[in-house]
Each structure stands twice: as C-alpha cells, then as structure tokens.
Amino acid sequence: MLDNMPRGTICIEDIEMGMTRSLRKVVTDDDIEMFAQISTDRNPVHLDDDYARDTIFQGRIAHGMLTAGLISAVIGEQLPGHGTVYMGQSLKFLAPVRPGDMVHAEVRVIDIDLGKRRVKLDCHCAVDGKNVLVGEATVMAPSRKFD
C-alpha cells in the first residue's frame with residue numbers, strides 16, 4: 001500500500017475541515033481469495049474466470065466490501081487513525097474493481113462536532129481516475145482529553 005501520510009492518530013482537537021488522507025493499492029488475485037476465505041463469500045463472479053465471463057461484468061471482479069475495506073484502512077490508520085471508532089458508513093458502488101486494478105481510496109473531512117468527537121468524512125475509491133465507490137462515514141475520533 002502507498003499512503004500519502006504516515007500511520008498514527010490525529011486527535012479531534014487537530015482535525016480540520018477539508019483535511020484529506022488516502023492510500024493506493026493494487027487489488028490482487030490473492031487479496032480476492034483471502035477476502036473470500038475470511039468473509040465466506042465465495043460467489044463465483046469473484047473466483048471463477050469461466051463463470052464470470054458470462055456475467056454482466058464479462059470477467060472476475062473484486063468483492064465490493066474488499067474495496068470498501070480500503071476506506072476503513074484510511075480511517076483506521078490515518079484520518080483520524082488509531083483509536084477511531086466507526087459509527088456508520090454509506091456506500092454506493094458505481095463500477096467494478098478487477099484483479100490488477102490500482103485503487104485510490106480517499107477520505108475528506110466534511111463536518112466536525114467537537115463536543116461529541118464526531119467527524120463526518122466524504123469517502124471515495126477510484127480506478128484510473130474514475131470513481132468506483134462513493135459514500136460518507138461518521139466516526140468518533142480520539143481525543144487528547146479522554147484517551
């Protein structure tokens with residue numbers, strides 16, 4: 001994975017509107033197989049070339065939640081980072097991610113509630129500059145006062 005910032009924690013007191021963090025990752029056949037094993041989602045559209053060729057995707061695709069997991073990685077490792085508690089996430093899948101695709105996952109701060117330690121993040125994943133996933137996440141950020 002290629003991150004734009006080091007891993008760690010950004011406390012609620014230091015988070016600013018418009019702050020962004022991202023990572024890039026090539027989705028591999030091994031990633032898809034491991035996700036299938038962990039999730040128990042062995043849908044052949046993800047794992048079987050012959051089956052997947054006859055679908056609307058005309059080939060194998062990664063699990064949507066594998067792609068969404070890259071958003072979780074940015075949130076849990078970078079913004080806000082370690083100590084963050086996920087409160088909610090909306091997702092809209094716009095296009096498939098295929099084995100070998102480089103996915104760029106990015107989050108951007110769009111709202112901050114300092115008193116409740118809540119941060120709302122605009123989230124998207126793109127392949128070759130085209131969004132494949134969009135959504136919003138609400139998280140509770142760590143605080144220097146309480147953690």
Side-chain angles (χ1 to χ4, degrees), residues 1-47 52 55-57 59-147:
M1 276 192 251
L2 304 168
D3 299 338
N4 71 338
M5 297 296 285
R7 298 181 188 293
T9 302
I10 302 173
C11 291
I12 188 72
E13 295 86 358
D14 300 320
I15 295 175
E16 299 174 0
M17 291 293 292
M19 192 177 268
T20 64
R21 295 294 184 272
S22 65
L23 64 76
R24 291 181 295 145
K25 182 185 183 337
V26 173
V27 174
T28 67
D29 289 325
D30 285 345
D31 294 330
I32 294 168
E33 179 62 38
M34 284 187 288
F35 191 88
Q37 288 178 12
I38 291 165
S39 68
T40 72
D41 177 355
R42 300 202 54 84
N43 184 329
V45 76
H46 307 302
L47 303 169
T55 69
I56 61 169
F57 301 111
R60 285 189 314 114
I61 61 171
H63 300 75
M65 295 310 290
L66 189 159
T67 304
L70 299 177
I71 294 292
S72 178
V74 177
I75 290 169
E77 293 287 341
Q78 296 184 49
L79 180 62
H82 299 174
T84 300
V85 177
Y86 238 115
M87 307 297 290
Q89 175 81 58
S90 69
L91 299 169
K92 184 172 183 180
F93 299 95
L94 304 175
V97 172
R98 300 181 184 283
D101 281 350
M102 170 73 78
V103 178
H104 178 258
E106 182 173 280
V107 303
R108 179 176 51 89
V109 176
I110 57 173
D111 191 43
I112 304 167
D113 182 335
L114 191 60
K116 292 184 179 180
R117 298 170 45 192
R118 302 290 193 272
V119 179
K120 187 180 287 187
L121 302 158
D122 177 68
C123 308
H124 75 271
C125 291
V127 172
D128 294 328
K130 178 183 174 187
N131 281 342
V132 295
L133 177 155
V134 296
E136 286 187 359
T138 302
V139 300
M140 184 169 60
S143 169
R144 285 191 297 273
K145 293 179 182 178
F146 304 108
D147 295 333

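Just the heavy atoms: all of them, side chains too, but no hydrogens, waters or symmetry mates, feed the values below.
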Is H46 close to I61 at the side-chain level, that is, under 4.5 Å between some pair of heavy atoms?
yes
Report the distance from atom OG1 of T9 to atom CG of D14, rounding to the nearest 0.5 Å.
10.5 Å
Of all the heavy-atom pairs spanning A105 and C125, show the shortest one and how long it is.
CB-SG, 3.8 Å
Can you see which heavy atom on R42 is nearest to which on A36, and at what distance?
NH1-CB, 3.6 Å
Rounded to the nearest 0.5 Å, how far apart are CD of Q78 and CD of E106?
10.5 Å
Taking the side chain as every heavy atom from C-beta outward, state whether M17 and I112 have any pair of such atoms under 4.5 Å apart.
yes
Does the side-chain contact (heavy atoms from CB on, under 4.5 Å) test come out yes or no for L23 and E77, once each step is laid out?
CA-CA 10 Å; L23 64 76; E77 293 287 341; over 6 Å; no
Search all heavy atoms of S143 against all heavy atoms of C11 and return the closest pair with its distance.
C-SG, 4.2 Å
Distance-minimising heavy-atom pair for R98 and G59:
NH1-O, 3.6 Å
Contacts of D29 meeting salt bridge (Lys or Arg N to Asp or Glu O under 4.0 Å) (sequence neighbours excluded), chain-then-number -> R60
Only pairs at least two apart or in different chains count here, so list each side chain to side chain donor-acceptor pair (under 3.5 Å) that has a residue in residues 120-135.
none
Got a sec: does the CD of E16 have more than 12 other heavy atoms crowding it under 6.0 Å?
no
Look up atom CZ in R117 and atom CE in M140, then write down how far apart they are to the nearest 0.5 Å.
5.0 Å
Please examine the side chains of D41 and M65, heavy atoms only from C-beta on, and report whether any two atoms are closer than 4.5 Å.
no
Would you indicate whether the side-chain heavy atoms of T20 and R108 approach each other to under 4.5 Å?
yes
Looking at side-chain heavy atoms only, is the closest gap between I75 and P80 below 4.5 Å?
yes
Quick one, V139 and V85 - any side-chain contact, counting heavy atoms below 4.5 Å?
no
Any donor-acceptor pair under 3.5 Å from D101 side chain to V103 backbone
no
Nearest-0.5 Å distance, CE of residue M19 to CD1 of residue I10:
5.0 Å
Hey, could you give me the CD1/CG distance between I71 and L91, rounded to the nearest 0.5 Å?
8.0 Å
Nearest heavy-atom approach of L47 to E33 is CD2-OE1, 3.5 Å
Which heavy atom of V74 sits nearest a heavy atom of R21, and at what distance?
CG1-O, 3.5 Å
Side chain Q89, main chain T138, donor-acceptor under 3.5 Å
no
Quick one: which of I15, I110, L79 gives a side-chain contact (heavy atoms from CB on, under 4.5 Å) with L121?
L79
Could you grab the distance from atom OG of S22 to atom CZ of R24, nearest 0.5 Å is fine?
8.0 Å
